[in-house]
There are 2 protein chains.
Amino acid sequence: MARESTPNSTPQIKAQLIEAQDRFIASWGRMGSVWGISRTMAEVHALLYITGVPMCTDEIMDRLRVSRGNVSMSVRSLLEWAVIEKVRLPGDRKEYFQAEQDVWSMLRAIARERIKREVDPLLGALDEIGELSPQIGSNSPEDVIALHHRLDEVREGFGLITTLTHKFAGPRGAGLQTAAKLLAKAPVGRPTKRHKATESKRNPRRGSRS
Amino acid sequence: MARESTPNSTPQIKAQLIEAQDRFIASWGRMGSVWGISRTMAEVHALLYITGVPMCTDEIMDRLRVSRGNVSMSVRSLLEWAVIEKVRLPGDRKEYFQAEQDVWSMLRAIARERIKREVDPLLGALDEIGELSPQIGSNSPEDVIALHHRLDEVREGFGLITTLTHKFAGPRGAGLQTAAKLLAKAPVGRPTKRHKATESKRNPRRGSRS
DNA sequence: ATGAGATTTCAGAAAAATCTGAAAATAGAA
DNA sequence: TTCTATTTTCAGATTTTTCTGAAATCTCAT
């Protein structure tokens, strides 16, 4: 039950531990920016996850060397993502935060959020565009038909992805993990015969320029 | 075979068509920034995909209103992603570009690239961190054990994801589509019983504060 | 209610990403 | 090879995102 420190902890080991944590935090933070979340937000999450210790705003500020405002906003987003939660310690007025400790729940949260922010808006836009574009009649010009065809394909592809995400990446449940294991065993589909340029046979350039 | 224009195309319809294309391009471009690729790169791809027409640098510049340098760099990235390809028209010195027309191939490319840029570096870092951190002995302090445990969990989770991606998102083949359909049918896993705070029983704060 | 401590907000500062434009490099035709 | 259309490169400009810090707001024990 860890008191002043943990058993057997030499200062030497403690330093290595912190070094390792910092490296993890840095890597996770770097990824964060690639995921479209701020570096700090990712770092706060990494810190809470890798240490497993609930921390308050000041502790996070000190450890990551970032401003109070930044921590406040990052924490709020993480709470929305549901990958950390508030903890109150009796007799302490501060709020502490602790990370969800199950990796899969974390991965599900990431998947969910990304779909929400990336795919849903696209699907919405696709619907609007479909309505707005010239409707298909008995003898529409071929480029109008092609447009609808492509819009439909994109909608179908991303639609399927959204459905799957809702199915497997709910905030609770072993969905993602199940899916992953299922797929790991499944045989992979045979390559399709290459059909480049499904649409533009030969080269449909020339004309239809301006 | 479309000559001066397409059959039945009134100027009215043509305008609507272009309007719809532009909206698609704009949406795709917006998504691009969320995917960590530049807006222009996404727009170039959208333009080539939605029109289906091979275009040269100047045509892309004119349609998207961006600089030559920007188009050049975007096109290069798209070629690396393998979602567009070069086309040469005999008797024309310019290079034309045309988009892969199969949505799934496009989705696979996106998945592949994201894994390469986001997950692979993380896995590399995790290995390094594992070596660098205090090694586990017969009676290591509990926080060192916990660190290794968490590093392993993360590595395992993302490792599985990488494996799946390599399996299902190769540049050829119907892998992703197969996987998606497979999953769409599969029964979803039963929710796990909630086990919050797996790690920190009670509240392991106090002490170990430094 | 009061007030000390804690959190949120947000305008402006700082940093990062993206884009431009023109010079340099390249590549095809003759 | 030479000439020229085309492409690439990259320093600096622009735009976007993120961060800071302090004032405003909130909240809870008394």
Side-chain angles (χ1 to χ4, degrees), chain A residues 25-26 28-48 54-81 84-98 113 117-118 205, chain B residues 25-26 28-48 54-81 84-98 113 117-118 205:
Chain A
I25 292 167
W28 202 254
R30 213 167 296 124
M31 289 244 309
S33 49
V34 181
W35 296 349
I37 70 181
S38 88
R39 204 190 79 245
T40 304
M41 178 176 161
E43 287 184 349
V44 171
H45 178 239
L47 172 61
L48 296 176
M55 293 188 188
C56 66
T57 305
D58 291 271
E59 290 171 314
I60 298 172
M61 286 170 63
D62 292 349
R63 178 79 185 253
L64 300 182
R65 308 307 212 80
V66 294
S67 73
R68 185 174 301 283
N70 201 354
V71 169
S72 174
M73 289 163 107
S74 297
V75 155
R76 171 164 61 211
S77 304
L78 290 169
L79 287 170
E80 278 166 18
W81 279 47
I84 70 172
E85 57 186 6
K86 270 188 202 171
V87 185
R88 309 219 52 138
L89 304 190
D92 191 335
R93 205 140 140 194
K94 294 197 202 65
E95 291 177 326
Y96 290 78
F97 304 97
Q98 112 184 323
E113 281 300 320
R117 299 192 337 174
E118 304 173 16
R205 315 208 79 266
Chain B
I25 293 167
W28 201 255
R30 212 166 297 122
M31 290 243 310
S33 50
V34 181
W35 297 348
I37 71 182
S38 89
R39 204 191 78 245
T40 303
M41 178 175 161
E43 287 184 348
V44 171
H45 178 239
L47 172 61
L48 296 177
M55 292 187 188
C56 67
T57 306
D58 291 270
E59 290 170 314
I60 298 172
M61 286 170 63
D62 292 349
R63 177 80 185 252
L64 301 181
R65 309 305 211 79
V66 295
S67 73
R68 186 174 301 284
N70 201 355
V71 170
S72 174
M73 288 162 108
S74 298
V75 155
R76 170 165 61 213
S77 305
L78 290 169
L79 287 169
E80 277 167 19
W81 280 47
I84 69 173
E85 58 186 5
K86 268 188 203 171
V87 184
R88 307 218 53 134
L89 304 190
D92 191 335
R93 207 143 138 189
K94 293 197 203 64
E95 291 177 326
Y96 289 77
F97 304 96
Q98 111 185 323
E113 280 301 318
R117 301 190 337 173
E118 304 173 16
R205 315 206 79 267

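Proteins come first, then strands; the chains are lettered A, B, ... in the order of their sequence lines, and each starts at number 1.
With values rounded to the nearest 0.5 angstrom, A:N70 atom CG is found 11.0 Å from A:I60 atom CD1. Put simply, CZ on A:R88 and OH on A:Y96 are 10.0 Å apart, with the number rounded to the nearest 0.5 Å. To the nearest 0.5 Å, atoms CG (A:L89) and SG (A:C56) are separated by 9.0 Å. The CE atom of B:M31 lies 8.5 Å from the CD1 atom of B:I37; values are rounded to the nearest 0.5 Å. Between atom OG1 of residue A:T57 and atom CZ of residue A:R68 there is a gap of 6.5 Å, rounded to the nearest 0.5 Å.
In summary, A:R39 and A:E43 engage in a salt bridge, as defined by a charged side-chain N under 4.0 Å from a carboxylate O. Salt bridge annotation for A:K94-A:D58: absent, with no cationic side-chain nitrogen under 4.0 angstrom from a carboxylate oxygen.
Atom NZ of B:K86 is separated from atom C1' of C:dT26 by 11 Å (rounded to the nearest Å). Residue A:R65 contributes atom CZ, which lies 16 Å from atom P of C:dA15 at whole-angstrom precision. In this structure, B:N70 atom CG and D:dT14 atom P are separated by 16 Å, rounded to whole Å. To the nearest angstrom, P of C:dG21 lies 11 Å from CZ of B:R68. In this structure, B:E95 places its CD atom 12 Å from C1' of D:dA5, rounding to the nearest Å. The nearest whole Å value for the distance from the CD1 atom in A:I60 to the P atom in D:dT20 is 14 Å. B:R30 has its CZ atom 19 Å from the C1' atom of C:dA17, to the nearest Å. Rounded to a whole Å, the CG atom of B:D92 is 10 Å from the P atom of C:dA29.
Within the 4.0 Å cut-off from OP1 or OP2 of C:dT7, not a single side-chain nitrogen or oxygen of A:S72 is found. The side chain of A:S38 places no N or O atom within less than 4.0 Å of a non-bridging phosphate oxygen (OP1 or OP2) of D:dT17. Between C:dA16 and A:R39, no contact under 4.0 Å exists linking OP1 or OP2 to a side-chain N or O.
For A:S67 and B:M73, each mapped to the nucleotide of DNA chain D holding its nearest heavy atom, the one lying further toward the 5' end belongs to B:M73.
Here A:R76 lies in heavy-atom contact (under 4.0 Å) with sugar-phosphate atoms only.
End-to-end axis angle of the helix from C:dA1-D:dT30 to C:dA30-D:dT1, from C1' rotation axes over five pairs per end: 30° (rounded to 10 degrees).
Between the base of D:dT27 and the side chain of A:R93 there is a donor-acceptor pair shorter than 3.5 Å.
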